[in-house]
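Below you'll find the structure, written out as structure tokens, and then a few comments.
Here is how names work: the chains are called A, B, and so on, in the same order as the sequence lines, proteins then strands, and each is numbered from 1.
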Amino acid sequence: MLPAFPVSNEMQANPLREGLSNRAMPQPCNVVIFGASGDLTFRKLIPALYNLAADGDLPGAANIIGFARREKTDESWRTELKDTTAKCSRSGLKEEVWGNFSSRIYYHQSEFGDANGYKSLKEKLDALDAKSGTRGNRLFYLSVSPTEYDGILDHLLAAGLTTAGEGSWVRVIVEKPFGTDLATAQELNGIIARGFAEKDTFRIDHYLGKETAQNIMVLRFANSILEPLWNHRYVDHVQITSAETLGVEARGPYYDKSGALRDMVQSHLVQMLCLIAMEPPTSLGADAVRDEKVKVVRALRKLSPEDVGRDIVRGQYAAGSIGGKQVPAYRTEDRVNPKSMTETFVALKMHVDNWRWHGVPFYMRVGKRLAKGGAEIAVQFKEAPGVLFNSAEAPLGPNQLVIRIQPDEGVSLRLQCKVPGSTLRIEPVKMDFHYGTSFGRQSPEAYERLILDAMSGDATLFARRDEVEEAWRYVDAIEHTWHQNPNPPPLCEYSAGSWGPKEAEQLMERDGRTWRRM
Amino acid sequence: MPDTLASLESLGTPVEVAAIGKELKKLWTADQTRTRATLFNFAVICQGAAMAENTELLSHFVRSHAFHALLIGIEPTISADEVKAWINAHCYLPKAGAKHVCCEQVSISVRGNVRALLPNLLFGHLDYDLPLTLWWRGNNLADLDSEMWHWVDRLLFDSQTWTEPRSQFTALRQALGGTRTVLCDLAWTRTLRLRQALAQMFDTPDTANALQHLKRVDITHAPGARTPAVLLLGWLAAQLGWSAHGARGSHLRFSGGDTDIACELTEVPGCDVSKVELASDQLTVTATRTNGSDFLQIQVRDASGRITPHVMPGDCNNVMSLLNAELESWGRHRVYLKALTAAEGLL
């Protein structure tokens, strides 16, 4: 839900809400986290739920039940969670809040494949419903490997835990990756659909919970000066970059099967592209927004093997140095195949084949072990006409609107300006807006916003089934050319700490353009 | 004029009034490691002796808001006209390695015919094209020229400090006339966290129904804090469609539909409003807060006797938290005006 969303009928029914936050308190519910002993639960999910409680956004009667294999008691799990929450929570930990919050945290020990574990889970949830007044409202968070989904969903179904009672709801949050290709995504979505309707399925992409990502729609549709320029008549091209200085860290086995294209492009970057390229939705309702986003993915130009060879560059990092330290090559990273052909970098030239974006290329680049970390979207406008100031001998740079996703979230606009003096000299200047400077308050973590939205049943910031599958359809064509074509395009090497392979630079140079310096 | 040497120093560098703009430019060009941030003009008008205290407040406030501060200390009781000015910058480091983020403060001390001197001093030193929020910390609004109100987007004041709130509200309405100035009453802001918490308790289908059948409202407030308590009552009355049926001291009666609502205001030392209890036959919601805590303790008791505790943000309202809360809620205060209309006869 974006800030300006209309209030729901439920909120309008409460006259005391007028003039206050338009965000109603979600109904009391039980949140069941599968994978309760996992890193994500400790570092992100529980701190996010704690911060919701500290901000007064979590219903007082909400309970949190951790479901995992390891043997623990309620008390021992609470103690572990307290330590990590104190470290990972953006607002620290206040005893007054923790006391009340932790008294509603429970641990449920069971194997994911043990039917009795689900039977006893149901008994526990029913008892909590009676004790806390949670009315059978349930939110299942699958913070586990997708290979576990099938078994967990079957057992939830068999135990009758996916069926909502009269006036109640049962929802599921699933973590990325949503499959590894179109076929597995369809299979996964089919599995989830056995237990949950699409409106009750929340596919989490934490990029969409970031403040700047949410601001893209506000920037585009709450300002009248941008939308008239937001098309092929004025925009020369768009660059979307997501760069990391980190390598694969402990994710070697996962990453080696995935690669940059599947890990980042299919999900985060395509979502960013959709927000930039979509038409104005008819309302701010979840489906209205997602209808427009999926149209963008459907309009992505289909790629032939020749197109892939020409317009897409894949790379893998070799040894290099970052921040004054030597770092190893990808193939020598922990638990990575020494002959791996997995890409750690990809640069793409894409086209959105619709009226608005006809002839405007969208360039994306994403990679690990690059020179600098950060994510941004740059909209580069066409050059000013070549008369008066913008001569062929001394061309001026184009105007650029840059939306910084992370770090240092903000927006900047590059304009041309006269340098003071008796001669005519023109230099680019940057009008810069920084969230951190202009608004002193801390932004909530993406997970806080997304979990709260799922509790409230608002799916706007979650990927819908057709969006996910269409994105896979696009990505599969590339993967197919790379891995199943008899003459695949080369896997280019780049030094760790650089800005990627030289072929990525050439991709832009061929079009008379350059990547932005971040 | 600020009296002590220490208070003069806190106002920054003394400058000629006519050279304020030029001196501000020098201030920013002298140090390139600082970023100037401004989203609105924040003018504070206070008694001359309170300028140091308000400077201290602004230096803390800069961490959560970016503004161009104009602090004007007035002393209308002095006969001879005298105007002095200072400039200063309040900075903080948002994170290690980042540039300092700074907001500038222009301080002007005005003695004598304040009513005549003030408008130009205010208008002449605003940052262009930004909205103006004026915090009135003076005694008498009549000290100000009515021309000023057309320039003020938001007027902050604190009716809790007023000795004759009913007549002072009337005077305020007259002074503002047909201007579009948004009234931001800190006495109303003091009830914000309570209103948010109470409203949230009635969001769910289980509790929403009880709202239409409230029979009792008890509010505990500190001595001298009757105004926010009455505004809170006015809010309930306005939003729930209650009509007042008179008051006897601390006992007030309302009716809503077929239901009579008994209200009780109790004076107990502590937070401005330390406890609110709303009760119907099915549900009792109790919100309490204590000095020193950053949170409200809420208890919801249903007809079966089950108690659900909630902990929600809500400190005891220091000035900084009140200002933050007020300046984060841009827009018009339609609900405040409705609550004020419902409560004015009870003040």
Exercise. Give, for atom CE of B:M312 and atom CG of A:D57, the distance between the pair rounded to the nearest 0.5 Å.
Key: 7.0 Å

Quiz item: Is chain B contacted by the side chain of A:R135, its backbone, both, or neither, given a heavy-atom distance below 4.5 Å?
Solution: side chain

Quiz item: Would the number of heavy atoms belonging to other residues, nucleotides or ligands and lying under 6.0 Å from NZ of A:K210 be above 12?
Solution: yes

Practice problem: Using a cut-off of 6.0 Å, state whether more than 12 heavy atoms not belonging to A:K87 lie near its atom NZ. | Solution: no

Quiz item: Looking at A:G19, A:G167, A:G133, which has the largest count of heavy-atom pairs under 4.5 Å with chain B?
Solution: A:G133

Quiz item: In Å, rounded to the nearest 0.5 Å, how long is the span from CH2 of B:W235 to CG of A:L20?
Solution: 6.5 Å

Quiz item: Can you find a pair of side-chain heavy atoms, one from A:P15 and one from B:L240, that are under 4.5 Å apart?
Solution: yes

Quiz item: Nearest 0.5 Å, what's the CZ-CD distance between B:R334 and A:E18?
Solution: 4.5 Å

Quiz item: Out of B:A238, B:P309, B:G241, B:S304, which one racks up the most heavy-atom pairs below 4.5 Å with chain A?
Solution: B:P309

Quiz item: Of the listed residues (A:A53, A:A61, A:S103, A:A54), which shares the most heavy-atom pairs with chain B below a 4.5 Å separation?
Solution: A:A54

Quiz item: For the candidates B:S293, B:A208, B:A197, B:G314, which exhibits the highest count of non-hydrogen atom pairs separated by less than 4.5 Å from chain A?
Solution: B:S293

Self-check item: Nearest-0.5 Å distance that lies between atom CZ in A:R17 and atom CG in B:D203
Solution: 4.0 Å

Practice problem: Counting only heavy atoms closer than 4.5 Å, note whether A:K131 contacts chain B via side chain, backbone, both or neither. | Solution: backbone

Self-check item: Sole candidate of B:Q200, B:Q196, B:R195, B:Q239 that passes side-chain contact (heavy atoms from CB on, under 4.5 Å) when paired with A:L16
Solution: B:Q239

Quiz item: What is the minimum heavy-atom distance between B:D294 and A:E96, and which atoms define it?
Solution: N-OE1, 4.3 Å

Quiz item: What part of B:V335 is in contact with chain A, defined as an atom under 4.5 angstrom from a non-hydrogen atom: side chain, backbone, both or neither?
Solution: side chain

Quiz item: Any donor and acceptor pair, going by atom type alone, linking the side chain of B:R306 with main-chain N or O of A:A130 inside 3.5 Å?
Solution: yes

